[in-house]
Amino acid sequence: MIKMQAVANLVSGGSSGPQYLTGDKSSIDAFIDKFDVFLFDCDGVLWSGDHLFPRIPETIQMLRDKHKQLVFVTNNSTKSRADYKKKFDGMGIPAHEEEVFGSSYSAAVYISRIMKLQPPKNKVFVLGESGVEQELQSEHVPFCGGTDPLLRREMLPEDFKHIADGSLLDDDVAIVLTGLDYHPSYLKYALGMAYLRRGAHFLATNTDSTLPSAGSLFPGAGATSAPLITATGQQPLALGKPSQAMMEAIEGKFRFDRKKACMVGDRLNTDIQFGVEGGLGGTLCVLTGVSKKEEFLGEGKGVVPSAYVDQLGDLLG
Ligand SMILES: O=C(O)[C@H](O)[C@H](O)COP(=O)(O)O
Ligand SMILES: [Mg+2]
């Protein structure tokens, strides 16, 4: 049964706002044929935490069979590229580690290849999970904090004194980097604030307000940097979507024509904005994650995708 929007698309050729593709095989095929490259978001598009959405492996394989170039562009910094390869394998998604470009890798590349701080004052104090640490390691960037078990404890009275007199601080720290942190502590925030007050650069892998998981929403990476923003009044430089520094790094690594590329995502103010501001040929919003169609349908909407589907598997028709 062809949906009303599909009829509207057929009639208006898709000029009446974002094209609704679900159930419209000919429009789906025409849409896919426009692009050589698909940049895929992960959380809210492929899966919701450990829950894999329907027909994802088949959809990815279909695009591979059409010789499309695929890049997996996630803001989730808790995992490294190698971790994502394991997750893909575990879910039967045909993908390669080299095709992953996460915000933790984006931050590591920015620090090592753009900032190029000289040792010894080039260390990163991390508020985040092992994905950030692994990618800093892959770029030979020294770090501390992060998953260090010594920081997963109560703040003790003497800690205030030792942070204030600097004896608990590492003089080589030049950067504070926040990412999604499942183990926040007052001690970590106190150390992060002390380093920022000493003049350290303030970076974030991403600042998404929420994390889609288990079919619901949870505090996102933005919740990790927020206490430091409030305490210092400083804003971090975010290196995940929609940052165009990330788009340039991806274009530099995967070499593609932006006009023949499509960004597929579930979130308007990261994924779709990333594609629109990056001048990509198209953007596809998938309604299994954060953003709802009411946020982009109708007049006077901000970020609007070129097309949308109920779920990614709908691309199989
Ligand atoms: O809070 C976060 O870090 C984000 O919600 C999460 O990372 C989003 O990941 P993505 O949808 O970009 O794969
Ligand atoms: Mg997402």
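Whatever order the structure lists them in is the order used to number ligands and atoms, beginning at 1.
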Is R267 in polar range of ligand 1, meaning some N or O pair under 3.5 Å apart? no

Taking distance alone, with N or O pairs closer than 3.5 Å, would you say N76 contacts ligand 1? yes

Protein residue, atom and distance nearest to atom 5 (O) of ligand 1, heavy-atom basis: T210 O, 2.6 Å

For A221, counting its heavy atoms only, list the atoms of ligand 1 lying under 4.0 Å from any of them. 1 (O), 2 (C), 3 (O)

Testing T178, V124, V176, L239 one by one against L203 for a side-chain contact (heavy atoms from CB on, under 4.5 Å), which residue passes? L239

Against heavy atoms of L211, which atoms of ligand 1 measure under 4.0 Å? 5 (O), 6 (C)

S48 side-chain N/O to G215 backbone N/O, donor-acceptor pair under 3.5 Å: yes

C42 neighbourhood, listing ligand 1 atoms whose heavy-atom distance to it stays under 4.0 Å: 13 (O)

Look at D266 and state whether any of its N, O or S atoms is less than 2.8 Å from the Mg ion (ligand 2). yes

Considering only the protein, which heavy-atom contact is closest to atom 10 (P) of ligand 1, and what is its distance? D41 OD1, 2.8 Å

Donor-acceptor contact present, side-chain E135 to main-chain G102, <3.5 Å: no

Quick one: nearest non-hydrogen protein atom to atom 3 (O) of ligand 1, plus distance? N206 ND2, 2.9 Å

Could you list which atoms of ligand 1 come closer than 4.0 Å to a heavy atom of G220? 1 (O)

Looking only at distance, does N75 have an N or O less than 3.5 Å from an N or O of ligand 1? yes

Could you tell me whether the Mg ion (ligand 2) has an N, O or S atom of D41 under 2.8 Å away? yes

Please answer whether the main-chain N or O of E294 pairs with a side-chain N or O of K301 as donor and acceptor at a distance below 3.5 Å. yes

Got F40 and L63 here, is their nearest side-chain heavy-atom distance under 4.5 Å? yes

Are D83 and K86 within salt-bridge range, i.e. N to O under 4.0 Å? yes

for atom 9 (O) of ligand 1, nearest protein heavy atom and its distance come out as D43 OD2, 3.1 Å

Shortest protein contact, atom 13 (O) of ligand 1 (heavy atom only): T74 OG1, 2.6 Å

Can you name the one residue among D208, T270, D266, D41 that meets side-chain contact (heavy atoms from CB on, under 4.5 Å) with V290? D266

Could you tell me which N, O or S atom of D43 is nearest to the Mg ion (ligand 2)? O

N75 and S77 side chains, donor-acceptor separation under 3.5 Å: no

Touching ligand 1 at all, P212? Heavy atoms, strictly under 4.0 Å? yes

Side-chain heavy-atom pair E139, V109 within 4.5 angstrom cut-off: yes

Centroid-centroid under 6.0 Å between F72 and F101 rings: no

